Amino acid sequence: MAAPMELSCWGGDWGLPSLHPESLTVMAYAKFSGAPLTVNTINNSWRTPKGDVPVLISEDTVISQPAKILNFLRKQKYNADYELSAKQGADTLAYIALLEEKLLPALLHTFWVEAENYCSVTKPWFASRIPFPLSLYLPGKMSREALNRILLTKGGPPLYSLTEVEAQIYRDAKECLNLLSKRLGTSQFFFGNTPTTLDAFVFGFLAPVYKVCFPRVQLQEHLKQLPNLCRFCDDILTCYFRLTVSDPALIISLQMDDNLRKSPQHPPRKLTTLKLAAGGEESSPLNRLSP
């Protein structure tokens, strides 16, 4: 029997299981590969063993960073890529590098650096989920880290001013979205009818941009002009993440549980975790295990 696996990550809103791109990536891959993860929503990353999210814990093993977590899941025989050719495997690595180089800086800027978005959406959302007094400090720390990460990769010559950097990262991001749209075409997923690692990464990066309601929506507006990428995100949310905290069916179910708490014949459902299990009621027929 396989050891239990628990994933700690930031929670979700706007119909997303998590607002955190890296957490979304791991959660999607677990769905695609059928890995039976227990997902624990945390209030701040300092509560995790390595001080970052997502974090996977299996017995005495603690793993952070999406690529390392996915490699661990593959070693446990939860492999979403076993049908890929060598060329498709190389393409996967190339497109993931493209996402991190071209799209991630604009994603970080949209959430954490763009002043109107940060003050009206990002900061209040995270602060409301972080216990006092960390709620006064941690969002600002995350914002500074995002800006430093952008400047570290994009702030050198010939881009000397923040305005020049901002213009360039959004040009790069829009170019990346166009390339992804062209690569996806009319297919359901990037390598046909079955989702893989690349689909998990693309979904993790695109879904927050697509779903979160920001006042400044430069990147979102461009994404919504590419209907195949929007359909891609909607399909994954519908097929693999039907039961989220914002789902009306789950809300009704939780309300029923609350009404039955005093009945010994109907013990309350444990609400702190959600299972990502293969073959369960919320699993798609596309979920599969490696042979």
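Note that this is a predicted model, so its numbers are computed, not measured. Throughout, residue positions are numbered sequentially from 1 according to the sequence presented.
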is_close_aromatic(Y240, F32), centroid dist under 6.0 Å: yes
Residues E145, R149; criterion salt bridge (charged side-chain N to carboxylate O under 4.0 Å, His left out); working and verdict: CA-CA 6 Å; E145 289 174 347; R149 185 169 179 178; over 6 Å; no
Side-chain donor or acceptor of Q220 paired with backbone N/O of V209 under 3.5 Å: yes
Expected output: side-chain E22 to main-chain S64 donor-acceptor under 3.5 Å: no
Polar contact flag, side-chain donor to acceptor under 3.5 angstrom, T196-D199: yes
Side-chain heavy-atom pair T92, F191 within 4.5 angstrom cut-off: yes
L99 CG to L104 CG distance, which is reported to the nearest 0.5 Å: 9.0 Å
Closest contact, heavy atoms only, C233 versus F203: O-CE1, 3.9 Å
Working for side-chain contact (heavy atoms from CB on, under 4.5 Å), residues V62 and V55: CA-CA 7 Å; V62 179; V55 170; 3.7 Å; yes
Any donor-acceptor N/O pair, S58 side chain to T61 backbone, under 3.5 Å: no
Interatomic distance, M27 atom CE to S18 atom OG [nearest 0.5 angstrom]: 6.0 Å
Pair T110-V212, side-chain contact (heavy atoms from CB on, under 4.5 Å): steps then yes or no: CA-CA 10 Å; T110 297; V212 177; over 6 Å; no
side-chain contact (heavy atoms from CB on, under 4.5 Å) partner of R231, chosen from I236, T186, L226, L184: L184
Path from L179 to V202 over hydrophobic side-chain contacts below 4.5 Å: yes
Side chain proximity check, F205 to L180, heavy atoms < 4.5 angstrom: no
Pairwise side-chain contact, K174 with Q218, heavy-atom cut-off 4.5 Å (strictly under): yes
Side-chain donor/acceptor of S143 to backbone N/O of P139, under 3.5 Å: no
Donor-acceptor contact below 3.5 Å, side chain D172 vs main chain E101: no
Donor-acceptor pair, side chain of S128 and main chain of W125, under 3.5 angstrom: yes
Same cluster (ILVMFWY, side-chain, under 4.5 Å), Y118 and W14: yes
K123 NZ: over 12 foreign heavy atoms closer than 6.0 Å: no
D234 side chain reached by Y210 side chain, heavy atoms, under 4.5 Å: yes
Within the 6.0 Å centroid threshold, strictly below: F111 and F214: yes
Distance, nearest 0.5 Å, that separates CG of L98 from CG of L103: 8.5 Å
Atom pair CD/CG of Q76 and L73 - distance to nearest 0.5 Å: 7.5 Å
Any donor-acceptor pair under 3.5 Å from Y29 side chain to A80 backbone: yes
N117 side chain to H109 side chain, donor-acceptor N/O pair below 3.5 angstrom: no
Ring centroid separation W112 to F126 under 6.0 Å: yes
Point-to-point distance, once rounded to the nearest 0.5 Å, from CD of Q188 to OG1 of T194: 8.0 Å
Closest non-hydrogen atom pair between L237 and P17, with its separation: CD2-CD, 4.0 Å
Smallest separation among heavy atoms of S23 and C9, with atom names: OG-CB, 3.1 Å
Contact summary for I130 and S135, nearest pair of heavy atoms: O-CB, 3.2 Å
Between R74 and N71: side-chain donor-acceptor atoms closer than 3.5 Å: yes
Check: R129 and D13 side chains under 4.5 Å, non-hydrogen atoms: yes
L24 to A207 - nearest heavy-atom pair and separation: CD1-CB, 4.0 Å
Centroid-centroid under 6.0 Å between F232 and F190 rings: yes
Separation of I69 CD1 from L56 CG (nearest 0.5 Å): 5.5 Å
Distance-minimising heavy-atom pair for P54 and V26: CG-CG2, 3.9 Å
Under 3.5 Å donor-acceptor, S181 side chain and L177 backbone: no
Side-chain heavy atoms of M5 within contact of F72, under 4.5 Å: yes
